Amino acid sequence: MLFFVGLWVLPGMSHAEDGQASIYLNDNKLGGSDSSKVEIINKSVMIPIRMVAEEMGYTVGWEQKTGTVTIQQNGTVIKMVINDNNALVDNQSVVLDNAPVIKSKTTLVPLRFVGEQFGLQVSWDNKTKTASLKQLSGSGGESQPPTGSGNAGQGEEGTIDQGLAQISGISFSENRLLVATSSSVTPRVFTMSGPDRIVVDLPNTEFAANFGKDLNVQASGSLQVTDYPLVSQIRYALFSTDPSTVRIVIDMNEVTGYKVTQEGTSLLIVDLNHDTNDLDPEIPEAPLPETPDAGTGTGSGSGKKIVVLDAGHGAHDGGAVGVTGKLEKDFTLSLTLKIEALLQNNSNIEVIMTRDGDTYPELVERAKIANNANADIFISVHANSVAGAPSASGTETYYKKSEDKALADIIHKHMVKATGLKDRKVKSANLSVLRNTDMPAALLEVGFLSNKAEEAILFDQDFQDRVAQSIADGIKEYLKL
Ligand SMILES: [Zn+2]
């Protein structure tokens, strides 16, 4: 695996002074004279590898002639050479932030590399000069078992002889990492900082033979993420061969909460639409159902109800790409224009479009259009996609604020009848346009462009007419018009 890791930037740090630094492994302070030898070199925290590896029960070897440190853990062999940025993990090259160095007869290696290779959560407190390493598996860990998953430790000891699950697709859509698998997996998900990232380890998995053609020979690759400001890129690699483990790293621009769920046995979702400190938000039902007063009108002086329709994506942001290459942005605009035409027949409704051509208003701008217009409701139209799971299908509706729920329920009820697709229900998600609108809002995922049959039907004009009518009906029912 060729596994480039970026600089671990720790601005404003100076060298830890002798005698000050300490290392904690699973909250136990490591003793010995080595513990004071933590150094900051080129902004990377460097720790004494022998002490840490031995403490974890790994075998550490040293070859004086070549300056090679060898660490063996559960069949994986890591080789590092003093003053060389290239390490070998099971004979595959890994590029280190910093080359290992010898200081006072002690070999120091980057803390972050140790964390990534040994599956540890690592952190550095610059005030107290404390490096902290935590093992995440087992009872003392901080991993987040997926909702509804089975035994989190399954297979980790290698005692359960079962076939490996195949990873057939990795994609990122609507702030969710979607991993398609051939059978159920038990992920270990944890965060690392400096830079911030979410690590998803999938034990007992391997890449399917037909996994993305861009997968290089070292079985690693990356997805650049441009449309979601929280995330810079997704990296993935075969991280370990014993047990065979695929690791996916979400490089974050900003810290966020997340929620891990599984749909059936073939789709793992790491949903970033969750606030920090609120990993599993339970959005309460509105204490009183929304009861809009149809007679007086709240939005405009004309007494008309103001409906803002938002066609998802646009311009440079094509959104999801369908099986045959059709774009989500074209579907959303076409359907939204049809809804507009239907609502304009109603003299009690004024429609405002966030876009009516191939343009891209920023997400916050879309919400602002509705807020400035003092709109009564906001509806955002999208289509779904998931790589590697061609059979994923169905219609779902998202809400965020408690006042969104009644609107989402009514629209979804009408829409799912019209699409005739699998009912994926009404779900909560912290999506920008839902969060930033001051009025009831809902985001509709009509169907899956990654499903060949659904892509075809989503672009069918009769289907669009039917779905547009159902959404217009839902809007009118909600507004009591
Ligand atoms: Zn979309």
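By convention here, the first residue in the shown sequence is residue 1. Note that the coordinates shown come from a computational prediction; the quantities given were computed from them, not determined experimentally. Each ligand, and each atom within it, is numbered from 1 in the order the structure gives.
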Quiz item: Which residues satisfy the side-chain contact (heavy atoms from CB on, under 4.5 Å) test with Ala389, sequence neighbours excluded?
Solution: Ala180, Val386, Ala392
Self-check item: Stepwise salt bridge (Lys or Arg N to Asp or Glu O under 4.0 Å) test for Lys405 and Asp409
Solution: CA-CA 6 Å; Lys405 181 71 162 55; Asp409 281 341; 3.0 Å; yes
Quiz item: Does Asp251 pair with Arg235 as a salt bridge, N-O distance under 4.0 Å?
Solution: yes
Quiz item: Tyr360 ring centre to Arg366 NZ or CZ under 6.0 Å, with the angle to the axis within 45°?
Solution: yes
Exercise. Check which protein N, O or S atoms are less than 2.8 Å from the Zn ion (ligand 1) and report how many there are.
Key: 4
Quiz item: With the threshold set at 4.0 Å, does a side-chain nitrogen-carboxylate oxygen contact exist between Glu396 and Arg424?
Solution: yes
Quiz item: Going by an N to O cut-off under 4.0 Å, is there a salt bridge joining Lys413 and Glu477?
Solution: yes
